[in-house]
Structure formats: C-alpha cells, structure tokens
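Naming: A, B, ... by sequence-line order, numbering from 1 per chain.
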2 protein chains.
Amino acid sequence: MVFPKLKESLPLYKTLANALAQRIHNGDWAVGSNLPSEAALCSSFEASRHTLRHALQTLESDGLVLRRQGTPTAGDFSAEGEKIYPKF
Amino acid sequence: MVFPKLKESLPLYKTLANALAQRIHNGDWAVGSNLPSEAALCSSFEASRHTLRHALQTLESDGLVLRRQGTPTAGDFSAEGEKIYPKF
DNA sequence: GTGCATTTGTACGTATGTATA
DNA sequence: ATATACATACGTACAAATGCA
C-alpha cells in the first residue's frame, strides 16, 4: 500500500476500497469517467490483483462502479448523493 | 463437480450457487439450519475453496445465507418467499 | 480463563477463458 | 485477428473469530 490506512485494523481490501471511493468522488479519473485498468491500479497501490478485485467488488455492490468484461471499469456517478465517503 | 450443470455455459461458481440454493430450499441441511463447513462442501462438490466461496458470496448477497467468521454458515430462512430457485 | 480445534476471512500466486474494442 | 481488460478457477499460507473442553 502506498497510502496510510484510516484505521490500522481495517483489512487491506477495505482500505483499498476507501481509497478508490475517495478518488472516484474526487473525480480523479474522470477522463471518460473510466478507472485505470486493474493492472494499473495494482501497480499504483502495490496490491495484488486478487485484493484489488475484492475492493472493486465491494464498490460495485455499493453501486459506486460499473464493471463489464472486456471494457474498463467505470465510476458510477448516477449513484452519488447519499453515498458519502467514508463508508467502511 | 459431482452434479450435472443446468446449462453448459454457466460458470462453475454459479452452477455451485444454484446447487447450494436448491439444497437450502429443500432443507437438506436444516439440522440446525447450518450448512456443512467450506471444507466439507469443497469435497462434496469437488470444487476449490476459492470457487466455493465465490458461490457462497453470491448466495450471501442474495440474502440466502448468513456467514460469520468463526461460526458455520447458516441458511437464512427469513429471506425466503419471493426468492425462488433458480436465480441464475 | 487458558488453550485447542474448528471455521471463516484475508492475501497473494498463477494460468487460462471470455468479452470488447 | 490482435490487443486490451475483466472473469473464472485452480493453488498456498496465515490471520481472526468462535466455541468447547
């Protein structure tokens, strides 16, 4: 991990999910509202793909991102409003 | 897998989820409403723990089972009614 | 209450398949 | 067709929570 944990007790995938959620809300990746690829995120955050996907999955179940095989993962800005970071 | 797939195209974890959901609704494991351990289910269905947990996770997100670290996974019969098998 | 066994959770590794552009 | 990107599925090891003797 290349960023400090909010709480030392949180598992890595939740910390990752928090960090990603924050960046999504900040609009850091709103080029075409797409996130970097899983491989790119893995290097950025120095996490395994397994853990990264675990994080993305929680974001998806929260309606924060949209994933579809073959296409980049997109931030779901239609689900904003009450979904305020942090959530974990 | 020790049972026939409903559709040959379905991924293994979904087929597993279907099979587990059916057994839950049938009450096959309603001893104390607990499911066998992951290890037991892995041997029964000849699936890896990874895949089995993937299946259980989908069931959990559907409200069909309750999982808690340290305790056996329980079928959630409070969530029955409209949740009719099959769902995948 | 301590310790052990059981059970689920987390995390990483690797390979291959499938959908999309 | 090739390349890119996400999905599936096998494996390993250790951590953490629970329950019981």
Side-chain angles (χ1 to χ4, degrees), chain A residues 1-20 24 29 31-76 87-88, chain B residues 1-20 24 29 31-76 87-88:
Chain A
M1 291 279 281
V2 295
F3 50 85
K5 291 187 180 181
L6 299 179
K7 289 168 57 181
E8 202 56 35
S9 56
L10 282 179
L12 180 53
Y13 79 93
K14 288 187 179 177
T15 311
L16 246 176
N18 281 333
L20 293 170
I24 289 171
W29 298 314
V31 189
S33 81
N34 279 341
L35 273 63
S37 71
E38 292 179 354
L41 291 173
C42 286
S43 348
S44 303
F45 293 100
E46 294 178 9
S48 71
R49 192 181 170 210
H50 179 100
T51 303
L52 175 77
R53 284 178 57 80
H54 195 170
L56 286 176
Q57 175 185 55
T58 69
L59 296 181
E60 185 175 40
S61 67
D62 287 338
L64 253 163
V65 299
L66 299 175
R67 300 157 89 197
R68 219 168 88 254
Q69 188 173 5
T71 75
T73 295
D76 183 8
K87 310 183 63 287
F88 304 95
Chain B
M1 293 280 280
V2 295
F3 49 85
K5 292 187 180 183
L6 300 178
K7 290 168 55 181
E8 202 56 34
S9 57
L10 280 180
L12 181 52
Y13 79 94
K14 288 187 180 177
T15 311
L16 245 176
N18 280 334
L20 293 169
I24 289 171
W29 299 314
V31 190
S33 82
N34 279 342
L35 273 63
S37 71
E38 292 180 355
L41 291 173
C42 285
S43 349
S44 303
F45 292 101
E46 293 178 10
S48 71
R49 195 185 169 206
H50 178 102
T51 303
L52 174 77
R53 284 179 59 80
H54 196 169
L56 286 176
Q57 175 186 55
T58 70
L59 296 181
E60 186 176 39
S61 67
D62 286 338
L64 252 163
V65 300
L66 298 174
R67 300 158 89 198
R68 219 169 88 253
Q69 187 174 3
T71 74
T73 296
D76 183 8
K87 309 184 63 289
F88 306 94

Atom [atom1] of [X] and atom [atom2] of [N]: how far apart are they, to the nearest Å?
| X | N | atom1 | atom2 | answer |
| --- | --- | --- | --- | --- |
| H54(A) | dA11(C) | NE2 | C1' | 10 Å |
| L52(A) | dG13(C) | CG | C1' | 15 Å |
| F45(B) | dC10(D) | CZ | P | 14 Å |
| L16(A) | dG9(C) | CG | P | 19 Å |
| L41(B) | dT6(C) | CG | P | 17 Å |
| L59(A) | dC6(D) | CG | P | 14 Å |
| R67(A) | dC6(D) | CZ | P | 8 Å |
| H50(B) | dT8(C) | NE2 | P | 17 Å |

State whether S48(A) places a side-chain N or O below 4.0 Å from either non-bridging phosphate oxygen (OP1 or OP2) of dC12(C).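 Yes, such a contact exists.
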Quick one: is R53(A) getting a side-chain N or O under 4.0 Å of the dA7(D) phosphate, OP1 or OP2?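 Checking R53(A) against dA7(D): at least one side-chain N or O falls below 4.0 Å of OP1 or OP2.
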Minimum-distance pair of heavy atoms, taken over all atoms of [X] and [Y]:
| X | Y | value |
| --- | --- | --- |
| L35(B) | A74(B) | CD1-C, 4.0 Å |
| L52(B) | L16(B) | CA-CD1, 4.0 Å |
| N34(A) | P72(A) | ND2-CG, 3.8 Å |
| F45(B) | A19(B) | CE2-CB, 4.2 Å |
| S61(A) | T58(A) | OG-O, 2.9 Å |
| A55(B) | A17(B) | CB-N, 3.7 Å |

Let me have a per-nucleotide readout for nucleotides 15-21 of chain C, 5' to 3', with B, S or -, counting only protein heavy atoms under 4.0 Å. --BBBB-
Nearest to side-chain heavy atoms of E38(B), which nucleotide of dT8(D), dG9(C), dC10(D):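 Taking heavy atoms from C-beta onward, the closest nucleotide is dG9(C).
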Got a sec, which residues hit side-chain contact (heavy atoms from CB on, under 4.5 Å) with A40(A), two or more places apart in sequence or on another chain?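 For A40(A), the residues satisfying side-chain contact (heavy atoms from CB on, under 4.5 Å) (neighbours in sequence not counted) are P36(A), S37(A).
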Just jot down the side-chain contact (heavy atoms from CB on, under 4.5 Å) partners of S48(B), sequence neighbours excluded, or say none.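 side-chain contact (heavy atoms from CB on, under 4.5 Å) list for S48(B), sorted by chain: H50(B), T51(B).
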The criterion is salt bridge (Lys or Arg N to Asp or Glu O under 4.0 Å); which residues satisfy it with R49(B), sequence neighbours excluded?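 So R49(B) forms a salt bridge (Lys or Arg N to Asp or Glu O under 4.0 Å) with E38(B).
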Using five base pairs at each end, measure the axis-to-axis angle across the helix from dT2(C)-dA21(D) to dA21(C)-dT2(D) and round it to 10 degrees.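 About 20°, once rounded to a multiple of 10°.
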